[in-house]
S.K.: 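Before we start, here is the structure in question, set down as structure tokens.
What's counted below: heavy atoms across the whole structure, side chains too, no hydrogens, waters or symmetry copies.
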There are 4 protein chains.
Amino acid sequence: MTTKTPNAARRSEASRRAILTAAFELAGEIGYAKLTIEAIAARAGVGKQTIYRWWPSKGAVLFDAFLMLSEGQLPAGVGDGGEAEGEAAVGDTAAALPDTGDLEADLKAVLRATVAELADPRYDLPLRGLTSEIMHDADLAALYAERLHEPVQEMKRTRLRAARAAGQLDPDVDLDVAVELMWGPVLSRWLMRTAPLTEEFADSVVEAALRGLAPKA
Amino acid sequence: MTTKTPNAARRSEASRRAILTAAFELAGEIGYAKLTIEAIAARAGVGKQTIYRWWPSKGAVLFDAFLMLSEGQLPAGVGDGGEAEGEAAVGDTAAALPDTGDLEADLKAVLRATVAELADPRYDLPLRGLTSEIMHDADLAALYAERLHEPVQEMKRTRLRAARAAGQLDPDVDLDVAVELMWGPVLSRWLMRTAPLTEEFADSVVEAALRGLAPKA
Amino acid sequence: MTTKTPNAARRSEASRRAILTAAFELAGEIGYAKLTIEAIAARAGVGKQTIYRWWPSKGAVLFDAFLMLSEGQLPAGVGDGGEAEGEAAVGDTAAALPDTGDLEADLKAVLRATVAELADPRYDLPLRGLTSEIMHDADLAALYAERLHEPVQEMKRTRLRAARAAGQLDPDVDLDVAVELMWGPVLSRWLMRTAPLTEEFADSVVEAALRGLAPKA
Amino acid sequence: MTTKTPNAARRSEASRRAILTAAFELAGEIGYAKLTIEAIAARAGVGKQTIYRWWPSKGAVLFDAFLMLSEGQLPAGVGDGGEAEGEAAVGDTAAALPDTGDLEADLKAVLRATVAELADPRYDLPLRGLTSEIMHDADLAALYAERLHEPVQEMKRTRLRAARAAGQLDPDVDLDVAVELMWGPVLSRWLMRTAPLTEEFADSVVEAALRGLAPKA
DNA sequence: CGGTAAACGAGACGGTACGTCCGGTCTTAGT
DNA sequence: ACTAAGACCGGACGTACCGTCTCGTTTACCG
């Protein structure tokens, strides 16, 4: 967790969940910038001190909210009414990325899912908030890299490693560079809104990237 | 400009420059999140109302500060003491990217310059602040796209268009996708700090991207 | 005034009066101990900072409220509905105490009025609050002695001085001691509630005191 | 005692004494207004609940502290370092006031002792605190009147009763009025600080009061 | 003399108010 | 007319205590 150090044994799990749920919901409703600790405490039915006791900053709360989400502990449909089936939620802890043998198709599916998630109004604002906080707080960034980024990154690496072993990628490919070659452009379009973030864009990126990473022979 | 609409004729140019300079300096010193209108006004020796009269938000002030910088109006060395010669500053209004005929070398040089700028402590914090604000404010994002992004983007497109015409890139390449294929990964590493942002990384990205964008047959 | 030192020229008189009126009313309604700056600000329709800007403490606000009252600036009937005629209000700035020539009758009338005022529910709680604050804050006590106590004290001294000159009191009488000999017992009964505070008690005190202060011959 | 009703048999005497001692000390050090239950509990090495279990209010704790003091149960020198011998402490449970036959001398001695006690820094702040609480809390005032005031008051009455029987006072004198005629002025000067509280003042008060209470013929 | 119920120390909890800071508006002087 | 200055209302900040409520841990009575 991202928490401080009082006597954690006596900690109220109910309050913790209420706070994280409230934080995530509010981040989606009013945006991270306008999110206040007072509002979180009020929505969660909790004293402010209970937040300050366990988290050092607003960003840390939101981070833990994502962490909880990624561990599937959030009540279904948090953030709004219903949840369509088949969605790839932030926290999908599916053990692995799809591997049908068709690398390009698999990656397009995953990157399209990422695009869909970034466009989902339930996640858009909270994710921008978290990203913003990570941008400005190196400690939080390290935590993010370790807890939220790395597990997903490893799944992506695994899929690419398999492809590399199968001769579909150049044997010298740096897997992290490979991943960033595809996710970086998507992330930057989402953040900067310099151009519309479409599935076609995702497809184009995958195609170009795979061509660039293919064996040289 | 990003400004509101009172009688601009009577506007004090000295105050405007003082405000933008103060905003940029403070953004670099204490970070955008802790930057306050009051502090800008105090540092600039200006009443708060003079800021509120001409700019709608803190982000707009910072945006204009970058705009001024990009137009070479900021006093040399703003942000700190010395400035090494030969640096590629944010506002380099060089008419065009280098074109030596060697596309890969040219792009590596430019992307390395981008990496260097993002790592420069004078620009790191203010740029994160501006990016953060763009992330959260669609209006500002549009303004950014038009005023700050587009001119530079067009320079990049121009260089790639020349390469495409010379048969160094696939004729079907979408130039914006091509640019984002290289700058997206760099931007995302810088923002998320998921891995060190090095010149080697920039080189790898250029190499892979160019291979991916090369003519197909 | 009891105020601090910002640019007093720009001060809002409307806010000042609203704050003092609200403070006095609330002191009467809920008692000084439960009186909060937030409640005063809310009732007065004022930002908290406007209170903190001009007064150093809750006690100072209440003090100024009494000061305003004593200068007849409070709207009639503050504290409750109507105000019966003929009452001796805190701030009665009548130039002098009655002087009918009958010292005992005059003093009994005045001391009975004091008893009535202390028993008046409009003044009881606020006066206890002010007294409590004076008890604990020497600075405020000095201010009280100078601004609120002294003018009234001088009126009492004046009446006794006249009586002394007329040979009704011993020529060696210390007028302050004389005053305290009568008002001290009344004040202490009111504060400590060790026995009921009645007009008969006031009369007894006046009689004994005057006998004690009479010429020795 | 001033306490609530759990099974008093199991009550920890050590905790009770530690709490009362801590409360008295802290009242002297930081003043009653800034005294907090948490600080008392911390100083006494006691859980907050142990205070809330046995006392209904902060004032009740302080009251009991004085009660303990008046019963001579406080460790010698509580409140500061040394204690000079021969002092007239709050709790002097001497069976009676001095009776040398010289009423005026006896009363001056006692009233001077009162003045000294009120001026003693060990008692000044705690006494002001207790007084303040009595002022605002009628229940506590009644308890005070019965437990702390009445025993001392009766001693004073006794001395005056003897004097009255000896023909030194008017046979119609109300003894409570007589006492208040002397102690009231002293109390009010102490509380309001309208003038210095000196032994000369005490003497003057006694002289005037006795003259006023003397037989009429 | 071992079991148990109460009081205990500790401290987390939902709250209220503190005194400060800043956002954005409005007023006053000054140039 | 526009500025610098700064008071104003509002409202969030992070802290201190409130009084309540568990937690284990003594402690002292009782069976």
S.K.: Any side-chain N or O of C:Ser12 under 4.0 Å from OP1/OP2 of E:dT27?
M.R.: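 No, because none of the side-chain N or O atoms of C:Ser12 sits under 4.0 Å from OP1 or OP2 of E:dT27.
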S.K.: Looking only at side-chain N and O atoms, does A:Arg53 come under 4.0 Å of OP1 or OP2 in E:dC13?
M.R.: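 Yes, within the criterion.
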S.K.: Can you tell me the distance, in whole Å, between the CD1 atom of D:Ile37 and the C1' atom of E:dG9?
M.R.: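 Rounded to whole Å, this separation is 16 Å.
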S.K.: Could you check how far CZ of A:Arg11 sits from C1' of F:dT22, rounded to whole Å?
M.R.: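 Going from A:Arg11 (CZ) to F:dT22 (C1'), I get 17 Å.
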S.K.: How are the rings of A:His136 and B:Tyr32 set to each other: parallel, tilted or perpendicular (split at 30° and 60°)?
M.R.: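 The rings of A:His136 and B:Tyr32 lie parallel, inter-plane angle below 30°.
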S.K.: Could you tell me which non-hydrogen atom of C:Arg53 sits nearest to which non-hydrogen atom of C:Pro6, and how far apart they are?
M.R.: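 Scanning both residues, the minimum pair turns out to be CG-CG, 3.5 Å.
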S.K.: Indicate, with a heavy-atom threshold strictly under 4.0 Å, whether B:Lys48 touches base, sugar-phosphate, or nothing.
M.R.: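 Base, at least one base atom sits under 4.0 Å.
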S.K.: Pick the nucleotide of DNA chain E nearest each of A:Asn7 and B:Lys34; which residue has the one closer to the 5' end?
M.R.: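 The 5'-side residue here is A:Asn7.
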S.K.: I want to verify a distance call: between E:dA17, F:dA7, E:dG14, whose nearest atom is closest to the A:Val46 side chain?
M.R.: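 So the nucleotide nearest the side chain must be E:dG14.
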S.K.: Would you say a side-chain N or O of C:Trp54 is under 4.0 Å from OP1 or OP2 of F:dC8?
M.R.: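 Yes, such a contact exists.
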S.K.: Quick one: are C:Leu69 and C:Tyr123 in side-chain contact, heavy atoms under 4.5 Å?
M.R.: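 Heavy-atom side-chain distance check passes, below 4.5 Å.
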S.K.: Indicate yes or no for a side-chain donor-acceptor contact from B:Thr131 to the backbone of B:Leu127 under 3.5 Å, with no hydrogens or angles considered.
M.R.: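 Side chain of B:Thr131 to backbone of B:Leu127: a pair is present.
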S.K.: What nitrogen or oxygen pairs link the protein and nucleotides 29-31 of chain F at under 3.5 Å?
M.R.:
none

S.K.: Please determine, for the side chain of D:Gln49, which listed nucleotide (E:dG24, F:dA16, F:dC21) has the closest atom?
M.R.: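 Nearest to the side chain of D:Gln49 among the choices is F:dC21.
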S.K.: What is the separation between atom OH on A:Tyr52 and atom P on E:dC13, rounded to the nearest whole Å?
M.R.: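 Nearest whole value for this atom pair: 16 Å.
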S.K.: Please check if the side chain of B:Arg43 supplies one atom and the backbone of B:Ala23 the other of a donor-acceptor pair under 3.5 Å.
M.R.: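 A pair under 3.5 Å: no.
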S.K.: Please enumerate all residues that pass side-chain hydrogen bond (donor to acceptor under 3.5 Å, both in side chains) together with A:Glu38, with sequence neighbours excluded.
M.R.: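 Result, side-chain hydrogen bond (donor to acceptor under 3.5 Å, both in side chains) vs A:Glu38: A:Lys48.
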S.K.: Take the protein atom CZ of D:Arg16 and the nucleotide atom P of E:dA7, then report the distance between them rounded to whole Å.
M.R.: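 Rounded to whole Å, this separation is 16 Å.
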S.K.: Between B:Leu67 and B:Arg147, is any pair of side-chain heavy atoms under 4.5 Å apart?
M.R.: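 Sidechains of B:Arg147 and B:Leu67: in contact.
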S.K.: Would you mind reading off the distance between A:Glu38 atom CD and E:dA17 atom C1', rounded to a whole angstrom?
M.R.: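 Going from A:Glu38 (CD) to E:dA17 (C1'), I get 11 Å.
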S.K.: Between C:Ile40 (CD1) and E:dG19 (P), how many Å, whole number?
M.R.: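 Rounded to the whole Å, the gap is 11 Å.
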S.K.: CG of D:Leu35 versus P of F:dC18: gap in Å, rounded?
M.R.: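 In whole Å, F:dC18 P and D:Leu35 CG are 8 Å from each other.
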S.K.: Quick one: is F:dC2 close enough that its OP1 or OP2 comes under 4.0 Å of any side-chain N or O from B:Thr50?
M.R.: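 Answer no for this pair, as no side-chain N or O of B:Thr50 is under 4.0 Å from OP1 or OP2.
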S.K.: Grab the CD1-C1' distance between A:Ile51 and F:dA12 for me, whole Å please.
M.R.: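 Rounded to whole Å, this separation is 13 Å.
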S.K.: Taking only side-chain nitrogens and oxygens of C:Ser15, does any of them come within less than 4.0 Å of OP1 or OP2 of F:dC9?
M.R.: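 Checking C:Ser15 against F:dC9: at least one side-chain N or O falls below 4.0 Å of OP1 or OP2.
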S.K.: On the ring face of C:Trp55, is C:Arg11 found with NZ or CZ under 6.0 Å from the centre and within 45° of the axis?
M.R.: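 Yes, a cation-pi geometry holds between C:Arg11 and C:Trp55.
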S.K.: Go nucleotide by nucleotide along DNA chain F from the 5' end; which of C:Gly47 and D:Lys58 gets its closest nucleotide reached first?
M.R.: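 Of the two residues, C:Gly47 wins.
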